[in-house]
Amino acid sequence: MSYCPEVREDGGPVYVRENGKLFLAGSHLSNSRTRSVGLFSRAFSVELCLKHEDASRHKEKSFFFTYTEHGSLRYSAKPLFNLTLDFIADNIQYVDSLIGFPEQIAEKLFTAAEVRQKFHRPGSGLKALQKFTEAYGDLILSSLCLRGRYLLVSEKLEEIQSFQGLRSLDLSYCKLGDEHELIGHFTSEALNSLQELYLKDNCLSDTGIRRMTAPTRVLRKGLGNLTVLDLSDNQGITDIGVTFLFVFKMLHFLDISGTSIQDATIGKIEKSIGLKHSKEQLTRFDHVNCTTEGWAEQLFNQWEKYILSAIKSKRKDKAKPQTAAQTFCAYIDHIQFFKPSILFCIT
């Protein structure tokens, strides 16, 4: 008695895989076994590709197939935790709050959102970032070095102001000026934890110093926890401006080199704050250890890369030739002037 193989509605035969080999369905009942057909080598693997509605969006495959060493296809799925994490990261802008969410999981969620560039988008990117800064403070960022990165400061000002719990902030060579928004931001509660502030060469004058010290002098709030302050190379700071610094009773290191203060003021500083004049350069102000630390460490590099890329794309193929005046200004911009250092420290 012969056996007829199963036939699909379209008339084609049906094959079954067993131990890495293909058999005609029902052929195991026959006395003579159908010759096996090997479609793939044992090292072969295949992933299931899904059609994305938006190819620009970051999506990870939730499952895939592999070809085992025994020759069988194996279905593997991503853990439910990863699937859930990916879903939340894709929709992080809709999360109401992360307060009370475990830190270990929140760090993975932040990384997943960062990979998806959720913090780059106008409007929603800032809101997404604020969800993390409000809940985790200095874990997101404890130290921020923006030394000479004035373009990044200008383009991402709101994002920079959203960070809370910073202990160290370096804004040297950013040309802020007395009226910059960050000078006023120093007085906010978000920076009550700040211990080190570097404002070298920022076009500051007595007006800026009075503005940034006002909450501490009047309300005993703001930068009262400062232990290190660098105001060097701000020639607009005079003896009057230095007197506003006397409110910082916890200062251990102060650099006012390159300012317009007189020698008589040095004695006042020693008497009012308890600092001693150092005639040698202090390693505290060499900026060698200027680093950005926290979950958002790489975020600033991504922002800067994105900004520079956008600027580069707007440039014309041929640069305009410089005039004689532009060439002269470019030359004198690299001439540096030095004044004797005026450094103070606790002895």
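Cluster membership for L282 and M250, using ILVMFWY side-chain heavy atoms within less than 4.5 angstrom, is not shared. By the criterion of side-chain heavy atoms lying less than 4.5 angstrom apart, applied directly or through intervening Ile, Leu, Val, Met, Phe, Trp or Tyr residues, Y173 is not grouped with F186; the two fall into different hydrophobic clusters. There is no path of hydrophobic side-chain contacts, each under 4.5 Å, that joins L126 to I140. Cluster annotation: I311 and L157 are assigned to the same hydrophobic cluster (Ile/Leu/Val/Met/Phe/Trp/Tyr, side-chain heavy-atom contacts under 4.5 Å, transitive).
For the pair K131 (side chain) and I92 (backbone), a donor-acceptor distance under 3.5 Å is absent. A donor-acceptor contact shorter than 3.5 Å is absent between the side chain of S205 and the backbone of I237. Judged by distance alone, with hydrogens and angles left aside, the side-chain atoms of N91 form a donor-acceptor pair with the main-chain N or O of F87 at under 3.5 Å. Between the side chain of D239 and the backbone N or O of Q262, at least one donor-acceptor pair lies under 3.5 Å. Counting only distance, with no hydrogens or angles, the side chain of S193 and the backbone of R167 share no donor-acceptor pair below 3.5 Å. Here the side chain of N234 pairs a donor or acceptor atom with the backbone of L199 at under 3.5 angstrom. Side chain of Q164 to main chain of L191: no donor-acceptor pair is present (N/O by atom type, distance under 3.5 Å, no hydrogens or angles). Side chain of N202 to backbone of K200: a donor-acceptor contact under 3.5 angstrom is found. One N or O on the side chain of R217 and one on the backbone of R210 form a donor-acceptor pair closer than 3.5 Å. Distance alone, capped at 3.5 Å, is enough to place a donor-acceptor pair between the S272 side chain and the K268 backbone.
A salt bridge does not link D178 with R211: every distance from a Lys NZ or Arg NE/NH1/NH2 to an Asp or Glu carboxylate oxygen is 4.0 Å or more. Between K156 and E304, none of the side-chain N atoms (NZ, or NE/NH1/NH2) sits under 4.0 Å from a carboxylate O, so this pair counts as no salt bridge. Between R284 and D255 there is no salt bridge, since no side-chain nitrogen of the basic residue lies less than 4.0 Å from a carboxylate oxygen of the acidic one.
Annotation for G148 and C174: closest pair N-SG, 4.0 Å, computed over non-hydrogen atoms. The heavy-atom pair separating C203 from K175 by the smallest distance is SG-CD, 4.0 Å. For the residue pair C145 and T292, the shortest heavy atom distance occurs at N-OG1, 3.1 Å. The shortest non-hydrogen separation linking L141 to L166 is O-CD2, 3.6 Å. Taking each heavy atom of L231 and T259 in turn, the nearest pair found is O-CG2, 3.6 Å.
Between Y136 and W295, the gap from one ring centroid to the other is short of 6.0 Å. Ring centroids of Y306 and F119 are separated by 6.0 Å or more, keeping the two rings apart. Aromatic ring centroids of F163 and F300 lie under 6.0 Å apart.
With rounding to the nearest 0.5 angstrom, the CG atom of D170 is 8.5 Å from the CG atom of L144.
At a threshold of 4.5 Å between non-hydrogen side-chain atoms, the residues L171 and R147 do not count as touching. Contact check for D90 versus I88: no side-chain heavy atoms found under the 4.5 Å cut-off.
For S154, the side-chain contact (heavy atoms from CB on, under 4.5 Å) criterion is met by no residue, not counting sequence neighbours. T238 is linked by a side chain to side chain donor-acceptor pair (under 3.5 Å) to D206, counting only residues two or more places apart in sequence or in another chain. Taking the side chain to side chain donor-acceptor pair (under 3.5 Å) definition, one finds that Q130 meets it with nothing, sequence neighbours left out.
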*Check the pair L152, W303 against side-chain contact (heavy atoms from CB on, under 4.5 Å), reporting the backbone distance first and the verdict last.*
CA-CA 8 Å; L152 183 58; W303 281 341; 3.8 Å; yes
*Going through the checks in order, is the side chain to side chain donor-acceptor pair (under 3.5 Å) test met by E270 and H277?*
CA-CA 7 Å; E270 294 180 342; H277 183 204; 5.1 Å; no
*I would like to know whether E280 and S278 meet side chain to side chain donor-acceptor pair (under 3.5 Å); could you show each step before the answer?*
CA-CA 5 Å; E280 298 180 356; S278 175; 5.8 Å; no
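Side-chain polar atoms of Q298 and N301 form a donor-acceptor pair below 3.5 angstrom.
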